[in-house]
Amino acid sequence: MADEKKLTSQSEDYSAWYNEVVLRAELADYAPVRGCMVVRPYGTTLWENVQQALDRRFKETGHVNALFPLLIPMSFLQREADHVEGFSPELAVVTHGGGKELEEPLVVRPTSETVIGYMYSKWIRSYRDLPLLINQWGNVVRWEMRTRLFLRTAEFYWQEGHTAHATYEEAQEETLRMLGVYADFAINDAAIPVIEGRKSESERFAGAVASYSIEAMMGNKWALQAGTSHMLGQNFAKAFDIQYLDENNELQYCWTTSWGLSTRMVGAIIMAHGDDQGLRLPPKLAPYQLVVVPIWRNEDQKRAVLEVTARIAAHLRSSYRIKVDDREEVTPGFKFNEWELRGVPLRLEIGPRDVENESVVMARRDIPGRAGKSVAPMAGLSAAVGDMLDTIQADMLDSATVFRDANIREPEDYEALKDTVDHGWARAYWCGNPECETRIKEDTRATNRNIPLDQEGAGPGLCIVCGEPAEEWSYWARAY
RNA sequence: CGGGGCGUGGCGCAGUCCGGUUAGCGCGCAUCGUUUGGGACGAUGAAGUCGGAGGUUCAAAUCCUCUCGCCCCGACCA
């Protein structure tokens with residue numbers, strides 16, 4: 001930071017920008033343990049808003065919440081071959097308890113498929129018990145090599161849904177339903193356009209038959225997997241004996257799914273919307289939807305302004321998440337910058353002129369500077385604020401969508417693809433051969449993000465790498 | 001685990017090469033006053049076992065040995 005007041009600009013150093021925003025907006029801080037973070041109150045409120053928006057959708061689709069234990073017997077992980085292999089390098093293991101070495105080590109859950117599978121095998125007896133639709137809000141630990149606040153931390157907070165079904169079709173339907181729920185949330189609440197798709201074999205969750213993701217484009221044009229949904233087939237059902245008696249009194253293995261969305265979504269919100277001034281939070285999720293900054297020059301004005309401010313705030317508080325910043329030790333200009341850094345979508349400025357004219361100045365965070373300012377009459381202010389917040393929400397989605405679409409190209413050939421993924425995402429035909437996928441990764445550091453569910457317009461084509469026939473196109477990009 | 005960087009008041013750093021007053025600077029913080037429509041200013045003040053341990057020396061933030069931790073860049077991952 002050359003200028004201590006300003007953030008490092010995104011163009012100068014995107015990851016420095018990211019770290020500074022997270023710290024200075026007081027979303028999170030580094031914990032004493034490497035790779036762990038403290039989610040500060042402002043970040044927690046944002047996460048709680050994410051939770052509420054998702055939880056409502058989970059309930060609407062028939063799910064209920066439960067809480068499963070943090071510690072899992074090591075042997076559980078080993079029951080599903082791919083699952084152990086996938087997770088063993090990143091497990092935190094508890095070897096001692098009560099001052100004694102444990103007979104069997106316990107792992108701190110990296111995810112809960114195994115314990116939940118164990119419990120499901122106890123709970124499920126009959127087809128009448130199905131489908132079983134449970135979600136858990138909690139934390140997990142994965143010993144990551146390289147960590148970044150929110151994006152990849154050793155411990156993170158998330159929800160993991162785990163469902164069991166009688167048939168393949170129902171489980172597959174559930175997998176895609178929840179992917180759709182994530183997409184709906186991302187688009188309509190987080191104002192982040194996302195692409196729903198299937199993960200390639202190499203990117204598939206350890207133990208899954210198929211994994212699906214929503215992929216979002218960040219401000220530096222890298223991709224971020226913002227949510228995943230897995231079709232687990234009967235892999236875990238067989239490993240944990242999750243069986244039921246069907247209508248014909250025959251024993252069948254269940255079909256299970258799991259799906260998760262983590263505090264990484266906070267990182268997505270930061271990077272999808274942030275600018276050189278700091279955060280830009282979508283109104284639906286922002287801890288404060290609007291901040292009111294009173295302005296005065298002398299005692300008389302102060303009294304009048306604060307009185308009007310209090311009245312307006314009391315009125316707005318019933319409908320909006322509002323913060324009145326009446327600190328006297330900092331100037332209005334300082335407050336403007338601080339709340340812009342912290343991403344509050346809308347600011348109301350109330351000064352002597354406004355008191356006189358019975359108006360307020362509204363400043364939109366998504367449109368910096370003078371262009372984002374307008375004057376609104378105090379009469380009918382609540383409705384005007386509501387309209388403005390709706391407009392900001394919609395405009396943020398629009399501009400994120402325009403940005404994303406402007407940075408997705410369809411390269412003609414392999415040489416063009418190499419260039420494309422340097423500046424954005426590529427949508428290209430791929431034959432599905434892992435060797436072609438690996439080659440792209442080695443040549444460009446870009447990975448297969450997903451094979452979009454929406455294949456409209458895709459006909460038979462030729463693989464961008466090997467030229468063999470390809471049925472589907474997929475997205476390729478540098479990713480977090 | 002490989003490469004790089006860094007540990008000095010709350011934060012950011014200088015000082016370390018070449019040992020030598022009372023360890024400085026900016027920001028922040030506290031008090032008072034003047035300010036307040038885009039990051040105010042002045043005065044006064046509080047705050048540091050120089051990451052830790054051992055060693056060399058009359059003398060160590062500074063030199064030597066060991067150690068711990070953090071950050072950044074790679075390979076792995078949501």
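A, B, ... follow the sequence lines: proteins, then strands. Residue 1 opens every chain.
- Side-chain rings of F150(A) and F156(A) stay apart, their centers remaining 6.0 Å or farther from each other.
- Ranked by how close their nearest RNA chain B nucleotide is to the 5' end, P89(A) and F334(A) are led by F334(A).
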For Watson-Crick and G-U wobble pairs within 3.5 Å on both distances, what is RNA chain B written in dot-bracket notation, | included for inter-strand pairing?
((((((((.[[[[.)....(...]]]].((((((.....)))))).....[[[[[..)....]]]]])))))))....
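- Using a 4.0 Å cut-off between a side-chain N of Lys or Arg and a carboxylate O of Asp or Glu, E215(A) and K199(A) qualify as a salt bridge.
- Using a 4.0 Å heavy-atom distance criterion, K199(A) is classed as making no nucleic acid contact.
- The side chain of R353(A) lies closest to rG37(B) when the candidates are rG74(B), rG37(B), rG39(B).
- Checking rC72(B), rG37(B), rG39(B) against every side-chain atom of N19(A), the shortest atom distance belongs to rC72(B).
- Cation-pi geometry between R342(A) and Y42(A) is met: under 6.0 angstrom from the ring centre, within 45 degrees of the axis.
- Using a 4.0 Å cut-off between charged side-chain N and carboxylate O, E472(A) and R198(A) make a salt bridge.
- With hydrogens and angles left out, the side chain of E340(A) and the base of rG38(B) share a donor-acceptor pair within 3.5 Å.
- Contacts of R370(A) with the nucleic acid, taken as non-hydrogen atoms under 4.0 Å apart, are absent.
- Between the side chains of R109(A) and N139(A), a donor-acceptor pair is found at a separation under 3.5 Å.
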Which letters describe nucleotides 29-36 of chain B, given B = protein heavy atom under 4.0 Å from base, S = only from sugar-phosphate, - = neither?
-------B
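- Contact annotation for E349(A): base contact, defined as any heavy-atom pair under 4.0 Å involving a base atom.
- Across all strands, S15(A) comes closer than 4.0 Å only to sugar-phosphate atoms, never to a base (heavy-atom distances).
- The pair D422(A)-K418(A) fails the salt-bridge criterion, with no side-chain N (NZ, NE, NH1 or NH2) lying under 4.0 Å from an Asp/Glu carboxylate O.
- Position along RNA chain B of the nearest nucleotide to R478(A) versus F150(A) favours R478(A) as the more 5'-ward residue.
- Here the side chain of E144(A) is nearest to one of rG37(B), rC76(B), rG39(B), namely rC76(B).
- Ion pairing between R347(A) and E349(A) holds under the 4.0 Å rule for side-chain N and carboxylate O.
- At a threshold of 4.0 Å, the pair R365(A)-D275(A) counts as salt-bridged, since one of the basic side-chain nitrogens sits closer than that to a carboxylate oxygen.
- Using a 4.0 Å heavy-atom cutoff across all strands shown, S229(A) reaches no nucleic acid atom at all.
- K335(A) contributes no side-chain N or O that forms a donor-acceptor pair with the base of rG37(B) under 3.5 Å.
- At a threshold of 4.0 Å, the pair E174(A)-R177(A) counts as salt-bridged, since one of the basic side-chain nitrogens sits closer than that to a carboxylate oxygen.
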